[in-house]
Amino acid sequence: MTRQLPLSLVRNVGIMAHIDAGKTTVSERVLFYSGKIHKIGEVHDGQAVMDWMDQEQERGITITSAATTTSWRGHRITLIDTPGHVDFTAEVERSLRVLDGAVALFCAVGGVQPQSEKVWRQSEKYSVPKIAFVNKMDRAGADFTGVVSEIQSELGGNAVPMVVPIGSEEKFCGIIDLIAMRAVYYDEIDSGMTFREEDIPSAMSAEAGKWRANLVERCAEQDDALLERFLEGGELSPDELIAVIRRATIARRVVPVYCGSAFKNKGIQRLLDGIVRFLPSPEDLPPIIHAGGAEEAARIPSDDEPFSALAFKVVADKHMGKLTYLRVYSGTVQSGTVVYNSTRDLEQRVARIIRMHANRQETIEEARCGDIVAAVGLAKTGTGDTLCCRKNPIVLETIEFPAPVVSVSIKPEGRDDADRMSQALRHLADEDPTFVVGFDEETSETILSGMGELHLEVLVERLRREFTVRGTIGRPEVAYRETGTAAVEGEYKHVKQTGGRGQYAHVCMRLEPTDPGRGFSFVSEVKGGRVPTEYIPSVERGVVRAMQRGPCGGFPVVDMCVTLLDGSYHEVDSSDFAFQEAAWACFRDLFMRTSPELLEPVMAVEAVVPEEHMGPATGSICQRRGRIEAMDEQAGLKVIRGMVPLSEMFGYSNTIRTLTQGRGSFSMHFEHYEAVPFAIAEEIIRARRAAGKVR
C-alpha cells in the first residue's frame, strides 16, 4: 500500500512550556506562516485558533491540549499546543506520550521556570527529542545566552544555539542563522510573512564567529570522522552540520536552540525549519514493544505492519458524541473497520475518522502509521487503551497520571440537576483521568477531586455551561493521607453466631511503615495451611478496604507493608466475607498502635515580586507554614522559592496581588507529602469527627 506522503516527511510535535511563555502565540504564528490560517489571532483578544474553549478565551490561558495539522517545506506537521498551568499537567502528560518530538519554549526574561522544569522531566520520561525556542526577545530584561546557560545547568540539556539574536529588548530586530551564516530581518508590514537575508553586520561578526565555532565544535563532538577533520582545521558544510545535528537531536544528545519574538512576528520560520530538519519522523523511532516485554509483539513504524494505536485522549463532543484521539503506531485503519481493544478485551467499530484542527473537524477515510486523529464510535475505549488487530494483538505502554490533591463537595440544586449531574460527571471523568468523582456515604455528598483550585473551578464551570447543571460547591479540601511510624503485631478473631451457619476467621498480622512513596505491599508468611490459600486474597481485600478510610481521620492510608503471620479457620463457618471482616478490623486496631501521623501535600512555590515588596511577600509565605529555600533575581524582579503546604495556599493569588499592588505573581506544583504538625493534625481530625466523616 502506498501512502500519499512518505513517512519520513511526517512530524508529530508538541509545544511545552511554563505558563505565559507564549506557547499559543507561537502556535498561531506557525499556522499563519505555514498557510493554515490567513489571519493571526491573539490570546489577549480571545481570538487564538488553538484556544477555542470559551473559558480559554475568557481567562487567556490554555486549558486543554489542541491538535492541528499543517505543512512546511513539503513536510506534514501535526502540532499539539499543551497547557502551561500545573493544574492541567495531565494534558501535557498524555500529549508527550504520543508525540515524536517537542518544542520547549522559554521566556527570554523568565528563563527556566518551575513548570518548564516539570514538563522537561515529563518529556524525558517518554524519551522525547527536543528543540528549544527562546521567546519574547523584545521584552525588557531579555537574555538569550542566560537562558541557554540555564537549559544546560538546570535541565541538563546540551543546548546548542542555531541562531543568535541581533539586538535585544526594544532593539531586537532579527537573527543570525549560524548554519547559513546570514543575518535575517523580518518585514513588519506583512506581520513577518516575508523576510530578507543579508550579510552579517560588521559589529556582530566577531560574536557570530564565536557562536559558529561553538556550533561546529559541538557537531564535531558527535561524529569521530568530523572531529578528526575539525581538529585538522577543516570546515564543515551546512549539509554536514544539519545531518549530524539531526542524528544527535534524535538521540537526545543535543538540544538545538532558536530565538525570536512570536508576538512581534520574528524568528518563527527558522523554528519551523528546525522542526522539519532536526526532530524525528515516526520511522526514526525504535520499534514499539509489547508492554509485557514480548519481543514477538514488536511493531516497526510502517503502513505494512499490523495495525496498532494508542487512545490518548477522550472528548465529549456535543454533536458527534464521544471522540477518541488516537496515535497510530503501525499499519492503517479505515472508517467502518472493527478494531480490537487489547486492554479491555473487546471489539468495537470505528464509525468515522477525523483529522482535527483545534475544534474544527475534517473527515478522512483512513488513518496511517504516524497519524494523530480522532475516531467516532469507540464508546467503550478509555484513555491509555491499546487498539490493534485481534489476529496480531499487542498492548502498548499506557499513560501514568498523578493523583488528585484537592477536593470539593457538590450538591445539585434540584431533581433535574441531580439526573443531569451524574451523566455530566461521568463524561468529564472519562475525558480527564486526573478528575475523580466519589461519593461520601456519611454526608451523602458527591466529592470532586482534581489537581488544584483552578482545575476544579474550570470543571464546575463546564458543568454549568455545557451540561446546564446547577450545584452548590463546598469549600476546597486537601487530599490528606495517613501513615504509621512504628511496626506492630497483633491478632483479631471474627466470631459471630446467629443460628445456622456462623462466621469465623482468625488473623495475626504485622504492620510496618515503608519509605515515603513506596505505597502498599501485602505479604503472606502463613505456613502449614493454618489459613487456607483461598482465603489469603480475602485478607488482602479486607486490608485494602480498611486502608481506603483510615481510622484516624478517614483519609486513605499509604506507605504501609502488611504481613499475614498466622491465623486459623473453621471448616464450616469460615468464608471469604469472614476473613475480609477479620482483616479489616485487625488492621484498624493495629494501625492505631503504629503512632499514626497525618500527611499533607506540600507545593513547590515560586513568587516573583518587585524588590520593594520583598519583605511582605516572604512574610506571607512564612505565615503559611512555608519554608523559604532560595531567593534570586530575574530581570530586575525578586524570585522567592519555597515549600508551602497546599492547605495554606488557597486564595494566595489574591494575597500576592494585594501585597505587591498587582505587580506580583506566583506559580506552584505538587512536590511531595509531609507530616502535618501534631496540633494542626488534631484540629483536622476533630473537625472530621464532628462532621461525621470518621467511622
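None of the values given here were measured: they were computed from a predicted structure.
Geometrically, Arg465 does not engage Phe467 in a cation-pi contact defined by less than 6.0 Å to the ring centre and at most 45° from the axis.
Classification of Arg97 and Glu400 as a salt-bridged pair fails, no side-chain N sitting under 4.0 Å from a carboxylate O. Checked for salt-bridge contact, Asp417 and Arg464 miss the test: no charged N lies under 4.0 Å from a carboxylate O. A salt bridge links Glu581 to Arg545: one of the charged nitrogens lies within less than 4.0 Å of a carboxylate oxygen.
In plain terms, the two heavy atoms of Ala424 and Val469 that are nearest each other are CB-CG2, 4.3 Å. For the residue pair Val558 and Thr483, the shortest heavy atom distance occurs at O-OG1, 2.9 Å. Closest heavy-atom contact between Ile364 and Ile354: CG1-N, 4.5 Å. Contact between Ala607 and Ile621 at its shortest, heavy atoms only, is CB-CD1, 4.5 Å. Nearest heavy atom pair, residue Pro513 against residue Met560, reads CA-SD, 3.9 Å. Closest approach of Gly550 to Val557, counting heavy atoms only: CA-CG2, 3.7 Å.
Ser342 places a side-chain N or O within donor-acceptor distance of the main-chain N or O of Ile394, the cut-off being under 3.5 Å. A donor-acceptor pair under 3.5 Å is formed between the side chain of Thr660 and the backbone N or O of Ile656. A donor-acceptor pair under 3.5 Å is absent between the side-chain atoms of Arg327 and the main chain of Leu310, judged by distance alone. A donor-acceptor pair under 3.5 Å links the side-chain atoms of Asp559 to the main chain of Gly519, judged by distance alone. Remark: side-chain polar atoms of Glu482 are paired, donor with acceptor, to backbone N or O of Gly554 under 3.5 angstrom. Side-chain atoms of Ser521 never come within 3.5 Å of backbone atoms of Cys561 as a donor-acceptor pair (strictly under, hydrogens ignored). Checking side-chain atoms of Thr78 against main-chain N and O of Asn12 turns up no donor-acceptor pair under 3.5 Å. Judged by distance alone, the side chain of Ser116 and the main-chain N or O of Ala17 form no donor-acceptor pair under 3.5 Å. A distance-only check finds a donor-acceptor pair linking the side chain of Lys36 to the backbone of Thr69 [under 3.5 Å]. Using a distance-only test at 3.5 Å, with no hydrogens or angles considered, a donor-acceptor pair links the side chain of Lys322 to the main chain of Ala379.
Using modelled atom types, one finds a donor on one side chain and an acceptor on the other under 3.5 Å when comparing Thr363 with Arg352. His672 and Glu674 form a side-chain donor-acceptor contact under 3.5 Å, judged by distance and modelled atom types alone. A donor and an acceptor atom, one from each side chain of Ser620 and Tyr652, are located under 3.5 Å apart. Residues Tyr126 and Glu397 have side chains that never bring a donor and an acceptor to within less than 3.5 angstrom of each other. Between His494 and Gln503, the side chains place a donor N or O and an acceptor N or O closer than 3.5 Å (distance only, hydrogens not considered).
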Requested in this report: Start with the C-alpha gap between Val602 and Val644, add the side-chain angles, then the distance that decides, and say whether side chain to side chain contact (heavy atoms under 4.5 Å, CB included) holds.
Outcome: CA-CA 6 Å; Val602 173; Val644 189; over 6 Å; no
**Report entry** His357 and Thr70: CA distance, side-chain angles, deciding distance, side chain to side chain contact (heavy atoms under 4.5 Å, CB included) verdict
**Finding:** CA-CA 9 Å; His357 178 51; Thr70 188; over 6 Å; no
Report task. Take Phe401 and Asp432, measure what side chain to side chain contact (heavy atoms under 4.5 Å, CB included) needs, and give me the verdict at the end. Result -> CA-CA 10 Å; Phe401 295 101; Asp432 188 348; over 6 Å; no
Report task. Determine, step by step, whether Met16 and Leu96 satisfy the side chain to side chain contact (heavy atoms under 4.5 Å, CB included) criterion, reporting the C-alpha distance in whole Å, the side-chain angles of both residues, the deciding distance to 0.1 Å, and the verdict. Result -> CA-CA 9 Å; Met16 60 180 199; Leu96 289 172; 4.0 Å; yes
Query raised in the report: Checking salt bridge (charged side-chain N to carboxylate O under 4.0 Å, His left out) for the pair Arg462/Glu431: CA distance, chi angles, key distance, verdict?
Result: CA-CA 12 Å; Arg462 286 188 64 191; Glu431 286 187 22; 3.1 Å; yes
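A side-chain contact (heavy atoms from CB on, under 4.5 Å) with Phe555 is found for one member of Glu600, Arg688, Arg549 and no other, namely Arg688. Residue Val544 is tested with Met547, Arg541, Gln548 for a side-chain contact (heavy atoms from CB on, under 4.5 Å); the sole match is Gln548. Considering Arg625, Gln623, Arg624 in turn, Arg625 is the only one that fulfils the side-chain hydrogen bond (donor to acceptor under 3.5 Å, both in side chains) rule with Glu648.
Considering only heavy atoms from C-beta on, Cys552 comes within 4.5 Å of Met592 through its side chain. A heavy-atom distance below 4.5 Å is not found between the side chains of Thr472 and Ile410. Under the 4.5 Å side-chain criterion, counting only non-hydrogen atoms from C-beta, Phe312 is in contact with Ile399. The shortest side-chain heavy-atom distance between Val333 and Val339 falls under the 4.5 Å cut-off.
In this pair, Phe587 and Phe591 present their aromatic rings parallel. The plane angle is below 30°, not in the 30 to 60° band.
By the salt bridge (charged side-chain N to carboxylate O under 4.0 Å, His left out) test, Asp589 pairs with no residue at all, sequence neighbours left out. Under the salt bridge (charged side-chain N to carboxylate O under 4.0 Å, His left out) criterion, Lys496 pairs with no residue, sequence neighbours left out.
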